[in-house]
**Student:** 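The structure follows.
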Amino acid sequence: MLVGLNTNDDAAVYRLNEDIAIVHTVDYFTPVVDDPYDFGQIAAANALSDVYAMGAVPLFALNVVCFPAAYIDVLKEVLRGGNDKVKEAGALIAGGHTIEDEEPKYGLSVTGIVHPEKVIKNSTAKPGDVLILTKPLGIGVINTAIKGEMCPSETYLLAVEVMKYLNKEASEIMKEVGVNACTDITGFGLLGHAYEMAFSSGVTIEFDKDSIPLIEGARELAQMGLIPGGCYRNKKYLKGKVCIKVEEDEVIDLMFDPQTSGGLLISVSEEKAEELYRRLNKKLKFGAFIVGRVKEKQEYDIYVR
Ligand code: CO
Ligand code: CO
Ligand code: CO
């Protein structure tokens with residue numbers, strides 16, 4: 001075993017031989033959008049993301065489905081979305097399992113491969129590293145606004161695009177450039193996943209609040225108080241671990257905001273940071289953002305300045 005439960009990394013990694021390690025992960029959840037085809041794509045992009053965060057290439061996936069029997073037509077659209085997204089990733093769906101459930105849930109178990117020496121862990125960030133984030137934040141807040149029917153349609157459409165967007169190119173570029181650590185941003189929010197990285201690497205992470213990218217419209221919705229329960233849970237969990245040195249406002253809320261299919265948080269050496277930043281920005285649909293720095297371990301695991 002290379003990577004297991006000990007460092008809370010994104011996926012399990014198992015070395016088969018000198019050249020190949022298997023990367024394995026599973027992720028599923030209840031619908032985050034009304035459109036079943038979009039939901040299928042989002043669930044697949046989200047599940048694939050853990051494989052990309054490890055620097056691996058996805059090979060195949062299995063569907064994990066819980067669905068009410070009366071909605072088979074809707075399920076077909078969900079599966080079509082999942083299938084199309086997995087295809088876009090260059091992988092294929094090889095089967096799956098369905099059980100009847102009143103509350104629909106969908107996701108995938110994804111299997112990928114990586115060279116055992118090229119596994120990108122979340123526990124190997126180094127002091128002096130630059131932190132780059134590859135998608136803007138705000139998904140949880142926007143989903144809360146959607147549920148409350150208070151989300152402007154352009155914000156909704158943008159959020160769906162962000163969630164559907166694969167971390168494939170980001171992963172390929174970071175592998176080519178060579179980075180020290182990576183994780184993807186999902187339910188624990190930027191600060192929660194950054195905490196896992198800081199703690200398991202034995203370092204402190206410093207974020208610059210003004211550099212945090214937000215999905216257009218998310219800030220206004222957070223200002224209106226449309227904060228998801230997961231955001232408060234993340235805040236509570238990170239108490240005593242995160243020190244906020246600036247005035248708390250909606251940007252801070254959005255840093256705790258749980259994301260669905262969020263971007264990669266990449267820790268890269270200062271010498272390679274500029275090249276990585278430039279190449280990511282050239283290629284990625286939502287750009288790349290330098291959001292902070294890795295420091296020697298200090299009193300708190302994370303500081304926001
Ligand atoms: Co992950
Ligand atoms: Co995951
Ligand atoms: Co990882």
Side-chain angles (χ1 to χ4, degrees), residues 1-14 21-30 32 41-58 61-62 64 82 85-86 89 91 105-114 118-125 131-137 139-140 143 162-172 174-175 179-201 205 230-231 233-234 237-238 255-267 286 288 291 301-302:
M1 192 61 133
L2 280 175
V3 182
L5 294 169
N6 48 333
T7 57
N8 288 322
D9 215 317
D10 296 299
V13 182
Y14 186 88
I22 290 183
V23 176
H24 203 89
T25 179
V26 60
D27 241 305
Y28 63 104
F29 43 69
T30 55
V32 287
Q41 290 184 75
I42 291 165
N46 180 72
L48 287 157
S49 180
D50 282 327
V51 170
Y52 289 133
M54 306 299 292
V57 176
L62 302 174
V64 179
K85 191 50 74 177
V86 169
K105 298 164 196 87
Y106 173 63
L108 305 97
S109 170
V110 184
T111 301
I113 48 168
V114 64
K118 303 236 164 95
V119 179
I120 301 172
K121 294 185 255 191
N122 69 350
S123 55
T124 41
L131 288 168
I132 296 182
L133 179 65
T134 68
K135 283 188 188 180
L137 305 174
I139 295 294
N143 282 337
V162 171
M163 287 188 280
K164 285 199 293 198
Y165 188 61
L166 286 175
N167 286 324
K168 181 175 191 275
E169 285 170 323
S171 179
E172 286 165 358
M174 79 167 170
K175 273 192 288 183
V179 305
N180 287 336
C182 176
T183 190
D184 62 328
I185 307 304
T186 51
F188 299 129
L190 174 66
L191 292 176
H193 291 282
Y195 165 71
E196 301 281 2
M197 184 183 272
F199 180 77
S200 59
S201 303
I205 285 177
C231 184
R233 275 195 297 279
N234 289 342
Y237 172 69
L238 293 167
M255 293 177 80
F256 285 103
D257 187 47
Q259 306 297 289
T260 301
S261 190
L264 300 183
L265 178 68
I266 305 169
S267 189
F286 302 99
V291 290
D301 301 280
I302 298 194

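Hydrogens, waters and symmetry mates are skipped; everything else that's a heavy atom, side chains included, is used. In listed order, ligands and their atoms are each counted from 1.
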**Student:** Can you list the residues that meet the side chain to side chain contact (heavy atoms under 4.5 Å, CB included) rule with L166, with sequence neighbours excluded?
**Tutor:** A45, L48, Y52, K85, E88, A89, K168
**Student:** With carbon and hydrogen excluded and only N/O/S kept, which atom of D184 is nearest the Co ion (ligand 1)?
**Tutor:** OD1
**Student:** What is the name of the N/O/S atom in D10 that sits closest to the Co ion (ligand 1)?
**Tutor:** OD1
**Student:** Look only at the side chain of N234 and the backbone of F256, and say whether a donor-acceptor pair between them is shorter than 3.5 Å.
**Tutor:** yes
**Student:** Could you identify the N, O or S atom of D50 positioned closest to the Co ion (ligand 1)?
**Tutor:**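 D50's closest N, O or S atom to the Co ion (ligand 1) is named OD1.
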**Student:** Counting distance only, does the side-chain N/O of N46 pair as donor-acceptor with the main-chain N or O of L108 below 3.5 Å?
**Tutor:**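 Not confirmed, N46 side chain does not pair with L108 backbone.
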**Student:** Dump the intermediate steps for side chain to side chain contact (heavy atoms under 4.5 Å, CB included) on M197 and I205, then the final yes or no.
**Tutor:** CA-CA 9 Å; M197 184 183 272; I205 285 177; 4.1 Å; yes
